[in-house]
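Here's the structure we're looking at; comments come further down.
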Amino acid sequence: MDFSVLNEALASKSFNKIADICDNLMLQVAAEGVPFRDEWPFAIHLLGHIYIDDINSARFLWKSIPPAIKESQPEVVAAWKIGQKLWTRDYAGVYEAIRGFDWTQQTQVLVAAFSELYTKRMFELLQSAYSTISIEDAAQFLGMSEEDASNYVLGQGWTVDPTSRMITVMKQAIVKEQKLDPGKLQRLTEYVFHLEH
C-alpha cells in the first residue's frame, strides 16, 4: 500500500490535511477491494481528525476499527483516549492522555503539534470566556504547572496578582468588518450618477 502522500504531509507538517488524505486513501483501497486493515495507520488517521477538531469523524473511525486492531495496537487506543477526553470536554484529561503514552516517532510530531494547537485553542477560549480566572484553573485549562501557566499568560499580556492568585485576562481588540448595506450602495450610486449627469 502506498502511503507516500501521507508521509509527505507528515514530513511537511501539513497536519490539517492528514484526515482528508487518510479518508481518501481508505476509500480508494476499499473501492479496489484490497485488504488494508492490518497495515492501516489508524493512530495517525484518528489523530488527523482530532487535529482538525473533527471529533465526530474520529468517533466514527474508532467505531469502525476492528477489535483485533484495538487490542494489538495500544497507540490506537491512546489516540482515541485523547478523542474521548475532547468529547467529554475534560480539558485537563486531554493533556493527561497526551502525556500518558510513549508515542512512536511517526506520531510524536503530530501529537506535539496537536498539543501546541490545543493549548492555543484553550488560551483563546479563556480569553473569550473570562475576565479573571484563578491561576489554578488557568493551569488546568492550559495543561501546565501553575508557574508555567503564569509565565505563559504574562507573555500574552495578561496580568497576574500573586497575592490573590488571580489572572486578569487581556481581551483582544475586536476588529469589526464593516458590512456594506445594499441600500447605502444604491443611494451612493444614484448620488454619483446624479452628479455626473
Side-chain angles (χ1 to χ4, degrees), residues 9-20 43-62 75 77-182 184:
L10 286 167
S12 66
K13 300 186 182 208
S14 301
F15 302 125
N16 56 337
K17 298 179 182 176
I18 288 176
D20 284 338
I44 290 174
H45 197 165
L46 278 169
L47 290 167
H49 285 296
I50 289 168
Y51 184 86
I52 60 171
D53 204 21
D54 187 2
I55 305 306
N56 282 328
S57 293
R59 198 177 69 139
F60 290 124
L61 175 63
W62 171 255
E75 192 168 54
V77 176
W80 176 238
K81 190 170 187 172
I82 296 170
Q84 286 176 311
K85 299 299 181 181
L86 288 167
W87 184 263
T88 59
R89 299 178 200 268
D90 179 359
Y91 304 114
V94 171
Y95 294 107
E96 291 170 10
I98 289 170
R99 293 183 196 117
F101 188 79
D102 186 21
W103 303 96
T104 62
Q105 187 176 0
Q106 192 176 24
T107 56
Q108 174 62 43
V109 179
L110 178 56
V111 171
F114 169 72
S115 181
E116 187 177 312
L117 178 67
Y118 185 70
T119 299
K120 185 180 176 191
R121 286 179 190 159
M122 289 297 99
F123 178 79
E124 290 169 356
L125 177 69
L126 294 177
Q127 192 170 33
S128 66
Y130 290 90
S131 57
T132 58
I133 185 171
S134 71
I135 294 173
E136 181 183 349
D137 289 344
Q140 186 175 0
F141 275 102
L142 297 172
M144 302 175 183
S145 69
E146 290 183 12
E147 182 180 340
D148 290 342
S150 295
N151 292 333
Y152 183 83
V153 299
L154 281 170
Q156 303 295 325
W158 296 9
T159 56
V160 177
D161 180 6
T163 55
S164 66
R165 302 196 38 77
M166 293 297 286
I167 298 171
T168 303
V169 176
M170 180 66 72
K171 298 287 185 184
Q172 286 286 87
I174 299 171
V175 179
K176 286 190 176 180
E177 248 185 70
Q178 188 173 6
K179 297 195 173 154
L180 192 56
D181 179 24
K184 288 181 182 177

Q) Under a 4.5 Å cut-off applied to non-hydrogen side-chain atoms, are N151 and E147 in contact? A) yes
Q.
Would you compute the distance between atom CG of L117 and atom OH of Y51 and round it to the nearest 0.5 angstrom?
A. 5.0 Å
Q: Give the minimum heavy-atom separation between A58 and L46, together with the two atoms involved.
A: O-CD2, 3.3 Å
**Q.** Where R99 and M144 come nearest, the two heavy atoms and their spacing
**A.** NH2-N, 4.4 Å
Q: Please report the closest heavy-atom contact between A149 and A139, naming both atoms and the distance.
A: CB-CA, 3.6 Å
Q. Would you call F15 and I44 a side-chain contact if the rule is heavy atoms closer than 4.5 Å?
A. no
Q: Can you measure from CG (L10) to CD (Q106) and round to the nearest 0.5 angstrom?
A: 6.0 Å
Q.
Classify the ring geometry of Y91 against F141: parallel below 30°, tilted from 30° to 60°, perpendicular beyond 60°.
A. tilted
Q. Could you walk me through whether I133 and V153 pass the side-chain contact (heavy atoms from CB on, under 4.5 Å) check?
A. CA-CA 11 Å; I133 185 171; V153 299; over 6 Å; no
Q: Of all the heavy-atom pairs spanning I18 and G48, show the shortest one and how long it is.
A: CG2-CA, 4.0 Å
(Q) I need the E124 CD to Q156 CD distance, nearest 0.5 Å. (A) 9.5 Å
Q. Just how far is it from atom NE2 of H49 to atom CZ of F60, taken to the nearest 0.5 Å?
A. 11.5 Å
**Q.** For V160 against S150, the heavy-atom pair lying closest together
**A.** CG2-O, 4.1 Å
**Q.** Flag, side chain of T119 to backbone of S115, donor-acceptor distance under 3.5 Å
**A.** yes
Q. Which heavy-atom pair separates A92 from Q140 by the least distance, and what is that distance?
A. CB-CG, 3.5 Å
Q: Take atom CD of E136 as the centre, draw a 6.0 Å sphere, and report whether it contains more than 12 heavy atoms from other residues, nucleotides or ligands.
A: no
Q.
Using 0.5 Å steps for rounding, measure from the OG1 atom of T107 to the CG atom of L47.
A. 6.5 Å
Q.
Show, in sequence, the C-alpha distance, side-chain angles and deciding distance for W62 and V77, and conclude whether the side-chain contact (heavy atoms from CB on, under 4.5 Å) test is met.
A. CA-CA 9 Å; W62 171 255; V77 176; 4.0 Å; yes
(Q) Please check: side-chain N/O of W103 versus main-chain N/O of A79, any donor-acceptor pairing under 3.5 Å? (A) no
**Q.** CD-CG distance between E75 and D102, expressed to the nearest 0.5 angstrom
**A.** 9.0 Å
Q | Identified side chain to side chain contact (heavy atoms under 4.5 Å, CB included) counterpart of T159 within the set I167, T168, V169 | A | T168
Q. With respect to F123, which candidate in Q127, K120, R121 satisfies the side chain to side chain contact (heavy atoms under 4.5 Å, CB included) definition?
A. Q127
Q. Mind checking whether D53 and F114 have side chains closer than 4.5 Å, heavy atoms only?
A. no
Q. Heavy-atom distance under 4.5 Å between the side chains of T132 and D161, does that happen here?
A. no
